[in-house]
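Notes for the one structure printed next.
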Amino acid sequence: MEGVGSNLKVVESSRRIRYCDGLLRVLGLLLTLVAAILTGADKETKTIPISITKTLPTLHVPVTAKWHYMSAFVYFFVSNAIAFSYAAASLVASMAVRTSKDKTGLVVVILDMAIMGLLLSANGAAIAVGILGQYGNSHVQWRKVCNSFGGFCHQMTAAIILSLVGSLVFFWLVAVALLNLHKKSR
């Protein structure tokens with residue numbers, strides 16, 4: 001009877017891990033999808049007064065801030081789109097792994113780590129540009145732009161926060177896989 005009880009615990013633990021894995025994959029899918037949508041839809045147009053000299057009248061020029069004007073934001077958008085696509089594919093693959101005994105699980109964990117690294121690097125690039133937009137850089141005469149394009153900056157900040165949480169989700173996917181591997185090795 002002892003063998004039956006221990007097998008029941010293993011099956012219950014395995015179900016919990018699969019449930020947690022599936023939930024984290026859905027969460028990663030949703031977070032990266034919303035981050036990509038927020039970035040892709042981020043655009044703001046303002047009329048900025050520009051004075052060339054004191055004798056000429058002030059010009060009012062319409063200026064538009066778009067996410068694809070900065071390569072770091074393009075990288076951020078593409079990385080979140082890739083992470084979303086991968087999360088959708090890995091959700092299907094993780095369901096298939098439940099019934100198969102091949103090495104698909106190991107490949108999925110390695111790809112989870114790669115996506116986590118991709119998202120973290122894209123977040124770092126977007127945060128660096130965002131800080132420049134928020135505070136400027138007086139040493140190279142780059143002016144801050146978030147005081148003029150507040151809506152653009154707030155929407156990009158929300159996308160970055162969602163993507164950072166998505167990065168943490170992929171980290172937890174790797175941690176859950178390592179925990180599962182550790183339990184199996186006992």
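- Nearest heavy-atom pair across Gly28 and Ala87 is C-CB, 4.3 Å.
- Ile82 and Leu31 fall within a single hydrophobic cluster, where Ile, Leu, Val, Met, Phe, Trp and Tyr side chains are chained together by heavy-atom contacts under 4.5 Å.
- Two different hydrophobic clusters hold Leu179 and Ile110 under the rule that ILVMFWY side chains link at heavy-atom gaps under 4.5 Å.
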(request) Give the intermediate values and the outcome of side chain to side chain contact (heavy atoms under 4.5 Å, CB included) for residues Val63 and Thr45. (result) CA-CA 6 Å; Val63 180; Thr45 302; over 6 Å; no
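- His68 NE2: more than 12 foreign heavy atoms inside a 6.0 Å radius.
- In plain terms, the two heavy atoms of Lys66 and Lys43 that are nearest each other are CE-CE, 3.7 Å.
- Between the CG atom in Leu23 and the CZ atom in Arg18 there is a gap of 14.5 Å [rounded to 0.5 Å].
- Between the Ser163 side chain and the Ala159 main chain, no donor and acceptor come within less than 3.5 Å of each other.
- Under a hydrophobic clustering in which Ile, Leu, Val, Met, Phe, Trp and Tyr are joined whenever their side-chain heavy atoms come within less than 4.5 Å, directly or via other members, Leu119 and Tyr75 fall into the same cluster.
- The main-chain N or O of Lys144 is never found under 3.5 Å from a side-chain atom of Gln134 such that the two would form a donor-acceptor pair.
- The two residues Ser90 and Val108 make their nearest non-hydrogen contact at CB-CG1, 4.4 Å.
- Listed by first and then second residue, the side-chain hydrogen bond (donor to acceptor under 3.5 Å, both in side chains) pairs involving residues 164-173 are Asn123-Ser167 (not counting sequence neighbours).
- Contact record, His60 with Pro62: O-CD, 3.9 Å, taken as the closest heavy-atom pair.
- Atom-to-atom distance recorded for Leu173:CG and Ile115:CD1 is 11.0 Å, nearest 0.5 angstrom.
- The ring pair (Phe, Tyr, Trp, His ring centres under 6.0 Å) test with Trp67 is passed by exactly one of Phe76, Phe149, Phe152, Phe77: Phe77.
- Summarising the hydrophobic clusters (Ile, Leu, Val, Met, Phe, Trp, Tyr; side-chain heavy atoms under 4.5 Å, direct or chained), the residues clustered with Val174 are Met113, Leu178.
- For Lys46, the salt bridge (charged side-chain N to carboxylate O under 4.0 Å, His left out) partners are Glu44, not counting sequence neighbours.
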(request) Applying side chain to side chain contact (heavy atoms under 4.5 Å, CB included), run through Ser148 and Ile48 and close with a yes or a no. (result) CA-CA 8 Å; Ser148 299; Ile48 307 290; 4.1 Å; yes
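- Once rounded to the nearest 0.5 Å, the distance linking CG of Asn147 with OH of Tyr135 reads 12.0 Å.
- Using a 4.5 Å heavy-atom cutoff, the side chains of Thr47 and Val61 are not in contact.
- Each of Val109 and Leu29 belongs to its own hydrophobic cluster when Ile, Leu, Val, Met, Phe, Trp and Tyr are linked at side-chain heavy-atom distances under 4.5 angstrom.
- The hydrophobic cluster containing Ile161 does not contain Leu120, counting ILVMFWY residues as joined when their side-chain heavy atoms lie under 4.5 angstrom apart, directly or transitively.
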(request) List the steps, then state whether side chain to side chain contact (heavy atoms under 4.5 Å, CB included) holds for Met116 with Phe171. (result) CA-CA 6 Å; Met116 179 187 66; Phe171 169 79; 3.5 Å; yes
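- Interatomic distance, NE2 of His154 versus SG of Cys146, reported as 7.5 Å (0.5 Å rounding).
- Residues Leu162 and Ala35 come closest through the heavy atom pair CB-CB, 4.2 Å.
- Separation of atoms CD1 (Ile37) and CG (Leu33) is listed at 4.0 Å; rounding is to 0.5 Å.
- For Thr32 and Tyr86, the side-chain atoms include no donor-acceptor pair closer than 3.5 Å.
- Taking the side chain as every heavy atom from C-beta outward, Val34 and Leu38 approach each other to under 4.5 Å.
- Side-chain atoms of Val140 and Asn137, non-hydrogen and from C-beta on, do get closer than 4.5 Å to each other.
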(message) Assess the residue pair Thr58 and Ile50 against the criterion (side chain to side chain contact (heavy atoms under 4.5 Å, CB included)); give the C-alpha distance rounded to whole Å, side-chain angles, the decisive distance to 0.1 Å, and a yes or no.
(response) CA-CA 6 Å; Thr58 302; Ile50 299 175; 5.7 Å; no
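- The nearest pair of heavy atoms linking Ala125 to Ala72 is O-CB, 3.7 Å.
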